[in-house]
Amino acid sequence: MTVTYTARVANAKFCGFSKLLLAWKGSIYKVLYKEFLAFFAMYTATSVTYRFFLDDDQKRYFEKLAIYCNHYASLIPMSFVLGFYVTLVVNRWWNQYTSIPLPDRLMCVLSGGLQGNDERGRLLRRTMMRYASLSALLILRSVSTAVFKRFPTMDHVVEAGFMTREERKKFEGLHSPYNKYWIPCVWFTNLAAVARCEGRIKDDHTLKLLLQELNAFRGKCSMLFHYDMISVPLVYTQVVTLAVYSFFLVCLIGRQFLDPGQGYPGHDLDLYVPIFTLLQFFFYAGWLKVAEQLINPFGEDDDDFETNWLIDRNFQVSMMAVDEMYGDLPMMERDRYWNDSNPRPPYTAATLFVLRKPSFQGSTFDMDEEETSCKIGKGGSLPSGLGQDTQSTLCSFREDKSPRTPLVDVQFVEEQERRGGNVSAGESRDVKRVEGVQRDEDGSEAESEETSIAPVSLLPPPPPAPASRETSTRPASATPITSRHRSAFLFPPAAQSSLEHCSSQPVISHPRAMPPIPKPPSAGNKMFLLTVPSYIEPQRFRSVSMGSEFTGS
């Protein structure tokens, strides 16, 4: 039986694995103790021979040989070779287990897809499921020594009920030099075709799904066969085994304690028992034994797969699913949370601590407000290129006490002329009029007469332009934009007092003259322009981008 200890290490605690070190079944002690005792006996014999049976000249020669062996023993790449080999074997070991054919998916599709409560339907389902189990048995009998000992001949398979005598005659009558584990799968497909013709399988989609699950089941049987046929390359196994054995044969001489009176470097102590050499043998040779145990998990070692248990479990479960449980449903009832919009199963006293834990909302849900707020007056980190003096982004917050003058002048005006200056009534109803300030050619200001819909713009109105700049031409950078929809930057007048403006203008630390802003010609077509005011705002800003304060004068 496979050694299972997962429940004993369910919780990590102090010395949690200490109890596992005393286990014997499936342990490294049980696997390695014979090799360990042989190595220690050979080391002891070599040490006794050196100390008591060699004369002085022979001792001097042995000591030189021991120093030479100890110096060059490190040239054998033990960790490198063993690490790759054991990794390969462990991956192969788990892949072989996942390739064992399990009938669970196949029996569910068969139970739901092949209809019929009569004896004919029951016979079809049980026979098809038995064919699948027979195919798995034949392949496991071919790769597992434990299964082969249980079913050494086909007579044992027939006596166990996996095959009838007529089926055995037909099976043995099909001559093939190869393994014939796939024959019951073909019988399965033939029976599925018969059931489709009889109408017990309602449509082709159900038949397709059933055959797909059968092919997946047969594919796992094929993988087990190929894993058994294609082993880890023999040269790799030989290299690893020779590396381990040759290393410790060299250690029998190179790790001897030499006479301290000779003054050899590193041989100041004479401990008789090589503790660290024995530990090294235990780890390296144990690593090799792990690979030997896992390279073929279908044997009879302590940690090999329980293939006979799998055969019994799969056969019993599959037959019950397609026969006894076919059409057997419990009565449907309202569950205990029928009228509860927030159902919560009860907790025992040992698990009440779960209720005290808050529900997880996300990794950033509990961040402090100080980490996410904009720290005024302190520098913060910005993306690359935004921390320059001439290109930094300025996020300014206006104080209520300072005069409200805009950084950006946005005017939303309608285009009133359409091919002749006339606008249709339908279009005039769609256009949302915005109250603004219009300038005459003489420079005087006049308010718009259209005040039926007067939402307030996000930005405050611009200051009056100087009279000396009235006749300026429109700059090339001014882009005309026309829109027939309500602007998204419209707020009620009450919200205008707490507006925050974010500008992409460079940070200004000294007053600088702004170029004059030309006024667009009022020749008929009225458009709104995005322009920069031509004044210097005498108020105090607090810069978030650079973490500094400055005052414009």
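All figures in this text were calculated on a predicted structure; none of them were measured in a lab.
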Taking [X] for its side chain and [Y] for its backbone only, find out whether a donor-acceptor pair lies under 3.5 Å.
{"X": "K180", "Y": "F171", "answer": "yes"}
{"X": "T241", "Y": "Q238", "answer": "no"}
{"X": "S246", "Y": "L242", "answer": "yes"}

Heavy-atom check, side chain of [X] versus side chain of [Y], under 4.5 Å:
{"X": "R126", "Y": "M319", "value": "yes"}
{"X": "F315", "Y": "F162", "value": "yes"}
{"X": "Q115", "Y": "I201", "value": "no"}
{"X": "D228", "Y": "S142", "value": "no"}
{"X": "L214", "Y": "M128", "value": "no"}
{"X": "K59", "Y": "Q262", "value": "no"}
{"X": "L106", "Y": "P101", "value": "no"}
{"X": "W287", "Y": "M78", "value": "no"}

Is it the case that atom [atom1] in [X] sees more than 12 heavy atoms from other parts of the structure closer than 6.0 Å?
{"X": "E172", "atom1": "CD", "answer": "yes"}
{"X": "E324", "atom1": "CD", "answer": "no"}
{"X": "R60", "atom1": "CZ", "answer": "yes"}
{"X": "M325", "atom1": "CE", "answer": "no"}
{"X": "Y264", "atom1": "OH", "answer": "yes"}
{"X": "K19", "atom1": "NZ", "answer": "no"}
{"X": "I275", "atom1": "CD1", "answer": "no"}
{"X": "Y337", "atom1": "OH", "answer": "yes"}

What is the distance from atom [atom1] of [X] to atom [atom2] of [Y], rounded to the nearest 0.5 Å?
{"X": "R218", "Y": "C185", "atom1": "CZ", "atom2": "SG", "result": "7.0 Å"}
{"X": "E300", "Y": "S144", "atom1": "CD", "atom2": "OG", "result": "7.5 Å"}
{"X": "M229", "Y": "S222", "atom1": "CE", "atom2": "OG", "result": "8.5 Å"}

Test: [X] and [Y] ion pair at under 4.0 Å:
{"X": "R125", "Y": "D323", "answer": "no"}
{"X": "R130", "Y": "E167", "answer": "yes"}
{"X": "K289", "Y": "E292", "answer": "yes"}
{"X": "R165", "Y": "E159", "answer": "yes"}
{"X": "K25", "Y": "D303", "answer": "no"}
{"X": "D204", "Y": "R196", "answer": "yes"}

Salt bridge (Lys or Arg N to Asp or Glu O under 4.0 Å) partners of R200, counting only residues at least two apart:
D118, E198
Between F39 and the options F282, F281, F247, Y284, the ring-ring contact (aromatic ring centres under 6.0 Å, His included) test singles out F281
Measure across [X] and [Y] and return the closest heavy-atom pair with its distance rounded to 0.1 Å.
{"X": "I253", "Y": "A66", "result": "O-CB, 3.3 Å"}
{"X": "Y181", "Y": "P184", "result": "O-CD, 3.3 Å"}
{"X": "P260", "Y": "D270", "result": "CG-CB, 4.1 Å"}
{"X": "L114", "Y": "Y326", "result": "O-CE1, 3.6 Å"}
{"X": "L140", "Y": "V147", "result": "O-CB, 3.8 Å"}
{"X": "F151", "Y": "A160", "result": "CE2-CB, 3.6 Å"}

So which pairs with a foot in residues 83-99 pass side chain to side chain donor-acceptor pair (under 3.5 Å), sequence neighbours left out?
Y85-T237
Side chain to side chain contact (heavy atoms under 4.5 Å, CB included) partners for T351, two or more places apart:
Y347, T348
Stepwise side-chain contact (heavy atoms from CB on, under 4.5 Å) check, V31 with D302:
CA-CA 10 Å; V31 176; D302 290 339; over 6 Å; no
Quiz question: by atom type and distance under 3.5 Å, do the side chains of R168 and T164 form a donor-acceptor pair?
no
Ignoring hydrogens and geometry beyond distance, is a side-chain donor-acceptor pair present between Y272 and T44 at under 3.5 Å?
no
Step-by-step side-chain contact (heavy atoms from CB on, under 4.5 Å) determination, Y29 to L21:
CA-CA 9 Å; Y29 319 119; L21 299 178; 4.0 Å; yes
D301 and K30: salt bridge (Lys or Arg N to Asp or Glu O under 4.0 Å), yes or no, with the steps?
CA-CA 11 Å; D301 297 325; K30 182 179 179 180; over 6 Å; no
Could you go through the side-chain contact (heavy atoms from CB on, under 4.5 Å) check for V290 and V89 one step at a time?
CA-CA 9 Å; V290 168; V89 171; over 6 Å; no
Output, in order, the C-alpha distance, side-chain angles, deciding distance and verdict of side-chain contact (heavy atoms from CB on, under 4.5 Å) for S133 and N314.
CA-CA 7 Å; S133 300; N314 294 340; 5.7 Å; no
